[in-house]
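Note on naming: letters A, B, ... go to the chains in the order of the sequence lines (proteins, then strands), and numbering restarts at 1 for each one.
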Amino acid sequence: MFLDFMSEVKGLIRDALEHCGFKVEDGVNDLGLEISPHADLASSVAFRLAPAQRRSPVQIAKEIHQAVPTEYRYVDRVELAGPYLNFFMNRVFLKTVLNQALSDNCWTGKMSDKVIVEHTSANPDGPLHVGHIRNSVIGDTLVRILRRAGCTVDAQYYVNDMGRQEAMVVVGCEHFQLDGSKPDHAIAKVYIAANKAMEENPDIRVQADQIIQRYEAGDPETVAKIQNAVNYAIRGIEETLHRLNIHHDSYHWESEFVRSGDVAQIIELLEKTGHTEWEDGAFQLDLSGYGFEKKMVLKRANGTSLYITRDLAYHRWKSANSDRSVDILGADHKLVSGQLCTALRLLGIREPEVVIFEFVSLPTGSMSTRKGKFISADELIDEVERRAFEEVSLRRPEESEDFRRDVAMKVAAGAIRFDVVKVSADKATMFDWRQALDFEKLSAPFIQYSHARACSILRKESADRQFNAELLLDENEVALIKKISHFDLVIDSAARELKPHHLATYARELAESFNLFYRYSPVLDAPSDLKDARLALVGAARNALRATLETLGIAALETM
RNA sequence: GGGCGCGUGGCCUAGUCAGGAUAAGGCGGCAGCCUCCUAAGCUGUAGAUCGGGGGUUCGAAUCCCCCCGCGCCCGCCA
């Protein structure tokens, strides 16, 4: 699709440049290509050549334009517009897009990397809150994008079972009763209670310390307690993730890397770099030569390991078992992840690609599980589902309650995912109920609705017959085919740059294009030949919308 | 105090990495469109000196410097 058109254009420009004896510096976009309102693909390469050539971009563009080969496959024509070179698609390309889009095998790209994506990895000390789900949604969407691009992806949850917080959960379980509510919520209650109790009773801290030490030493009774608590909490967390159509392929516990000896190995390897030292009984890594003031403690004075050391071992393992490894982390992890990457570099281990997302805060400040100050993901989903059910009932009162519940569930999950993923990860956001419950244009239901409309047409007449693509000449029809063609480009760049919000933007644009077509090009009432062509376009658009929605992890509803 | 990130119409955001042809959407406002394939849709309209100032450039929302505001981080926590 679009990548084929683009590679033809690149070839044409390179041939022309060579013919003219022009050289451009290598770069990500060395030919200055851009999708623009003036062309299907525009090049501003003449501007880049102007300084070295000491001539005006207009003259240079003119010269390149004359040197562009005239044999085309998907290119219709090349126009000179002052200093710009404008490339246009031909009908063959549009027809090819339509045919490809009607088949099933054009929606997966050609990347073949083995990728590990680690996301969510929330401490098993309570339910996910609206901050965590930004991690989960970004992570799961990237997993889907990378798969769509052709990669083999393992979505991993790194379980922090060795930290103080889990020891506090166990202490909490010993002093307070799990109350039988949803497991992750029940765990949070005893965890919060234990933290509160610690304020008056310092002995709680001692108990937690003992649990940490016994767990690291492998004391069977303590191991069983921690494992029970972790598994219990994870069960609840998983349930929440599944409501949002988020799935992990594997779980890795920190303790695995301690028990396997990987953590001890990491410490030995770091020692060999000559950057380590003992200070106050603790083993430390000095990264002051790399811009980190504070030393990184690798082992406590009491001999137990720290999160960062275990994380180093985990990342070493991930690098050895993948072509790319991706971490999704909150902004509070920026510093520590920088230290981690530096330490890995010292060891000659490939660093992860880190996607940092900025904080989600409440109007009252930032969230904290320990203080019990958060809006849980479950509360959010329940509330949005309730709203969605009202909405469906209003629009489809004649449908059964089961139907309305099912649609509400899928609309709610989609709406939440889209709301999160549409915003660039490096924007801090404020959680807002009003906005979370709004189902209008810049939201998932808008896209699901376009898909449902396409399905509605195709239920009445199918798209599986011969058609003449030459009949699709209306502005909205051509625009829709072009928009469909962009799918592979968007997936490719989102997978490379790890920017899932690009796909959200595309989804909205695709749905908008379809809605305009729907409004101005009647399908079922059109004359026979035109109807067949339009049905084919509806089929192609339906497939594109479905692929886009699935990649966003949003249910492609056939009716709503 | 230092580091990182962010600042785009009343509100929320895309575009910034890789400078390029009139700054793109949504919400809210106002005015319209259902005897017509699902109106969770479509159309029109008003509203922006792209935080401020300097610089680089033929050209800056985009790059560089300074300043202001907001967020996050600077634990032998995770």
Where along nucleotides 22-36 of chain B does protein come under 4.0 Å, by heavy atom, of base (B) or sugar-phosphate alone (S), with - for untouched nucleotides? B--BSS---------
Base of B/rA40 paired with side chain of A/N515 (donor-acceptor, under 3.5 Å): no
Using a 4.0 Å heavy-atom cut-off across all strands, classify A/E279 as base, sugar-phosphate, or nothing. base
Tell me which nucleotide, if any, is Watson-Crick or G-U wobble paired with B/rC74 when both distances must be under 3.5 Å. B/rG1
Does A/E497 get its side chain close enough to the base of B/rA18, under 3.5 Å, for a donor-acceptor pair? yes
Of A/L85 and A/Y518, whose closest RNA chain B nucleotide lies nearer the 5' terminus? A/L85
In whole Å, what is the span from the CG atom of A/L329 to the C1' atom of B/rG5? 15 Å
C1' gap between B/rC50 and B/rA61, integer Å: 5 Å
Can you tell which of B/rG20, B/rC17, B/rA39 lies closest to the side chain of A/R395? B/rA39
Go through the steps for A/F2 and A/H486 under the test ring pair (Phe, Tyr, Trp, His ring centres under 6.0 Å), then give the verdict. CA-CA 5 Å; A/F2 196 84; A/H486 288 166; 4.7 Å; yes
Using modelled atom types and a 3.5 Å cut-off, is there a donor and acceptor pairing between side-chain atoms of A/Q448 and backbone atoms of A/A555? yes
For this output row, return yes or no: ring centroids of A/F47 and A/Y84 closer than 6.0 angstrom. yes
Within the 4.0 Å limit for protein heavy atoms, which parts of nucleotides 67-74 of chain B are touched? Write it as a string from 5' to 3', B for base, S for sugar-phosphate only, - for none. ----BSSS
Check the pair A/S521, A/E477 against side-chain hydrogen bond (donor to acceptor under 3.5 Å, both in side chains), reporting the backbone distance first and the verdict last. CA-CA 8 Å; A/S521 299; A/E477 293 164 350; 3.2 Å; yes
Distance between C1' atoms of B/rU16 and B/rC74 (Å, rounded): 28 Å
Within the structure shown, what part of the strands sits under 4.0 Å from A/D432 by heavy-atom distance: base, sugar-phosphate, or nothing? nothing
Can you figure out which of B/rC12, B/rG41, B/rC76 approaches the side chain of A/A282 most closely? B/rC76
Using modelled atom types and a 3.5 Å cut-off, is there a donor and acceptor pairing between side-chain atoms of A/R404 and backbone atoms of A/F389? no
Salt bridge or not for A/R14 and A/D30, using N-O below 4.0 Å? yes
Between B/rC27 and B/rA21, how many Å separate the two P atoms, rounded to a whole number? 27 Å
Lys/Arg cation over aromatic A/F357: A/R134, 6.0 Å, 45° cone: no
Quick one: does A/Y215's side chain have a donor or acceptor within less than 3.5 Å of a partner on A/A167's backbone? no
Report all interatomic pairs (protein N or O, nucleotide N or O of nucleotides 56-65 of chain B) with separations under 3.5 Å.
none

Opposite nucleotide pairing with B/rU45, Watson-Crick or G-U, both atom distances under 3.5 Å: B/rG29
Nucleotide of B/rA21, B/rC77, B/rC12 approaching A/Q435 most closely (side-chain heavy atoms): B/rC12
Pairwise C1' distance for B/rU13 and B/rA48, with rounding to whole Å: 14 Å
Do the charged groups of A/R534 and A/D474 touch, with an N to O distance under 4.0 Å? yes
Any side-chain donor near an acceptor of the partner, A/Y314 and A/Q156, under 3.5 Å: yes
Check the angle between the aromatic planes of A/F514 and A/Y518 and answer parallel, tilted or perpendicular using the 30° and 60° thresholds. tilted
Ring-on-base stacking between A/Y84 and B/rG20, under 5.5 Å between centres and under 30° between planes: is it there? no
Would you find a donor on one side and an acceptor on the other, under 3.5 Å apart, between the side chain of A/R164 and the backbone of A/D209? no
Is B/rA40 paired to anything, Watson-Crick or G-U wobble with both distances less than 3.5 Å, and if yes, which nucleotide? none
